[in-house]
*Asks:* 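Please read through the structure below; I'll follow up with questions.
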Amino acid sequence: MRDDTYWDKSAETLSRNGIEKLQTGLLTSSLERAAKSKFYAERFKDIGFDAESVSGLADLGLIPFTEKKDLRLSYPYGLLCEPKDRLLRMHISSGTTGQAVAVFYTKADLELWADLVARCMYMAGARPEDTFQNLSGYGLFTGGLGFQYGAERLGMLTIPAGPGNSRRQVQMMRDFSTNVIHIIPSFLLRLMDVMKEMGVDPKKELSLRLAFVGAEPYSEEVRRRLEDFYGVKVYNSYGLSEMNGPGVAFECPYQTGMHIWEDAYIAEIIDPNTLKPVPDGQYGELVMTTLKREAMPILRYRTRDLTRILPGECGCGRVHKRIDRIRGRTDDMFIIKGVNIFPIQVEQVLMSVPEVGNNYQIVLTRENNVDDMIVRVEVTDRVFVEDMRVLERIRKKITYEMKNELLVTPKVDLVEPNSLPGTEGKALRLIDQRAV
Ligand code: AMP
Ligand code: ZN
């Protein structure tokens with residue numbers, strides 16, 4: 001049921017009570033389905049877990065966690081719950097290390113996924129009369145096809161541009177008056193430089209209105225930069241292949257966190273050390289359970305993403321829980337001189353300095369048992385041609401701000417615009433050269 005505000009009014013306006021009732025019913029059937037897979041059948045047997053002992057959400061804690069390594073070890077078909085003739089598609093999660101994780105979809109899974117992505121975009125204000133350019137990788141990565149089918153479901157004219165080809169992207173945006181885009185933050189930052197080189201002022205020459213940005217962490221400072229330069233509203237989009245891909249959590253126009261669609265997923269936040277749930281408002285690891293997936297239900301999946309549930313109600317009226325911007329992944333955190341740091345904290349400092357350009361890298365080194373953090377950062381064109389004294393002043397300013405914020409003094413290396421490597425996929429921000 002669609003109206004001006006809601007893509008799926010009955011799902012989006014569920015009450016808390018309604019959500020819990022729905023989740024209870026769906027959880028039971030998801031458990032039954034999961035038990036048909038080789039992986040869960042064995043896991044349940046090993047730990048003596050009886051799926052029938054779960055009669056409601058209060059029993060959620062009885063269900064064992066599923067970890068990335070479980071999915072890796074079960075590659076390729078260990079978690080499958082449906083015969084192969086019912087499958088339509090697979091994707092692979094973009095992890096850079098170790099054995100890949102394959103995810104499978106039935107027809108109903110693909111339909112539900114497209115519907116959730118359409119719901120997200122509609123919530124943020126995309127409408128059938130819009131033109132949508134998807135600058136995300138097509139293929140195994142879920143950001144391409146996931147948004148493609150979501151946008152088609154919504155009814156937008158959809159340009160499956162894919163990543164890269166920066167100049168051509170800008171040309172297409174101009175030729176087809178693209179007003180809605182989906183893109184990863186590092187690529188949208190890079191396009192700023194490309195547009196500057198091309199002499200294109202997006203506010204004057206392009207029609208961009210909405211940018212759905214996600215798939216990798218980025219800070220509020222980056223959001224502000226992007227909004228100022230492009231004259232768009234940036235909406236944060238969160239998803240992961242294990243939970244379909246995009247369409248898991250998304251910002252509404254109030255932009256106070258991302259609503260997780262609780263009619264399709266159960267979200268919990270746990271302390272990654274004690275594995276116990278933490279109260280709303282407290283940071284921890286996001287744990288997710290699929291409620292409707294047929295081909296590959298996943299129970300209490302430890303995402304490794306650190307966030308928190310924002311307490312209180314959203315002004316938009318949707319009661320689906322909201323998660324805060326992802327702070328990073330547990331495996332992205334590094335320790336230097338005894339201090340725990342996430343790359344996003346470095347980004348926050350850098351991006352609040354106007355002379356800093358759009359690309360940076362953090363390199364960790366170890367010499368004579370002493371660890372160092374080197375921050376390589378591009379400066380803007382305007383600054384680079386200035387004299388050494390200006391550069392030195394900027395370097396000192398960044399070093400000082402970093403020390404203030406992070407309590408660690410990095411070595412700051414200012415480099416020319418566009419000199420750091422760019423990637424078509426998710427950016428590689430951290431290079432740890434410390435031998436272990
Ligand atoms: P993949 O399954 O390869 O698409 O990767 C999913 C992962 O990308 C998530 O587990 C997060 O670590 C990261 N990710 C996705 N969306 C966001 C976002 N909006 N902010 C921060 N990280 C994100
Ligand atoms: Zn809201």
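Counting convention: from 1, in listed order, for ligands and their atoms alike.
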*Asks:* Tell me every residue that passes side-chain contact (heavy atoms from CB on, under 4.5 Å) with V339, counting only those two or more places apart in sequence or in another chain.
*Replies:*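 side-chain contact (heavy atoms from CB on, under 4.5 Å) check on V339 returns I341, V408.
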*Asks:* Is the shortest heavy-atom distance from the side chain of N358 to the side chain of R225 under 4.5 Å?
*Replies:*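 Touching, per the 4.5 Å side-chain cut-off.
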*Asks:* For ligand 1, note which part of L240 has a heavy atom under 4.0 Å away: side chain, backbone, both or neither.
*Replies:*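 Near ligand 1, L240 shows its backbone as well as its side chain.
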*Asks:* Quick check on contacts: which atoms of ligand 1 are under 4.0 angstrom from a heavy atom of G214?
*Replies:*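 This gives 19 (N) as the contact atoms.
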*Asks:* Would D305 count as a polar contact of ligand 1, with the cut-off being nitrogen or oxygen pairs under 3.5 Å?
*Replies:*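 Between D305 and ligand 1, an N or O pair is found under 3.5 Å apart.
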*Asks:* Checking R167 now: which residues fulfil salt bridge (charged side-chain N to carboxylate O under 4.0 Å, His left out) with it, not counting sequence neighbours?
*Replies:*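 Expected list: E197.
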*Asks:* Run through the protein N/O/S atoms less than 2.8 Å from the Zn ion (ligand 2) and write them out by chain and number.
*Replies:*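 Under 2.8 Å from the Zn ion (ligand 2) - ignoring waters, which are not counted - the protein N, O or S atoms are C252 SG, H259 NE2, C314 SG, C316 SG.
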*Asks:* Considering the heavy atoms of K426, write down every atom of ligand 1 situated less than 4.0 Å from one of them.
*Replies:*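 Those of ligand 1 that fall under 4.0 Å from K426 are 1 (P), 3 (O), 4 (O), 5 (O), 6 (C), 7 (C), 8 (O).
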*Asks:* Looking only at atom types and distance, does a side-chain atom of E216 sit under 3.5 Å from a main-chain N or O of A427, one as donor and one as acceptor?
*Replies:*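 Checked: pair present.
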*Asks:* Could you tell me which atoms of ligand 1, counted from 1 in the order shown, lie closer than 4.0 angstrom to a heavy atom of F141?
*Replies:*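 What qualifies from ligand 1 is 4 (O).
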*Asks:* Please determine if R223 and E220 form a salt bridge, counting it only when a charged side-chain N lies under 4.0 Å from a carboxylate O.
*Replies:*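 Salt bridge flag = yes for E220 with R223.
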*Asks:* Is any side-chain heavy atom of Q169 less than 4.5 Å from a side-chain heavy atom of F187?
*Replies:*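 Side chain of Q169 against side chain of F187, heavy atoms only: contact under 4.5 Å found.
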*Asks:* May I ask you to list the atoms of ligand 1 that are less than 4.0 angstrom from any heavy atom of S93?
*Replies:*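 Checking each atom against S93, I get 2 (O), 3 (O).
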*Asks:* Quick test of your reading: applying side-chain hydrogen bond (donor to acceptor under 3.5 Å, both in side chains), list the pairs with at least one residue in residues 15-34, sequence neighbours left out, ordered by first then second residue.
*Replies:*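 side-chain hydrogen bond (donor to acceptor under 3.5 Å, both in side chains) check on residues 15-34 returns R16-E262.
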*Asks:* Side-chain contact test, heavy atoms from C-beta onward, threshold under 4.5 Å: evaluate it for V103 versus I298 and give yes or no.
*Replies:*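 No - every pair of side-chain heavy atoms lies 4.5 Å or more apart.
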*Asks:* Answer with yes or no whether the side chains of Y40 and T66 bring together a donor and an acceptor at under 3.5 Å.
*Replies:*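 Distance-only check passes for T66 and Y40.
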*Asks:* Any idea which atoms of ligand 1 are less than 4.0 Å away from a heavy-atom of S237?
*Replies:*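 Matching atoms, with element in brackets: 16 (N), 17 (C), 18 (C), 19 (N).
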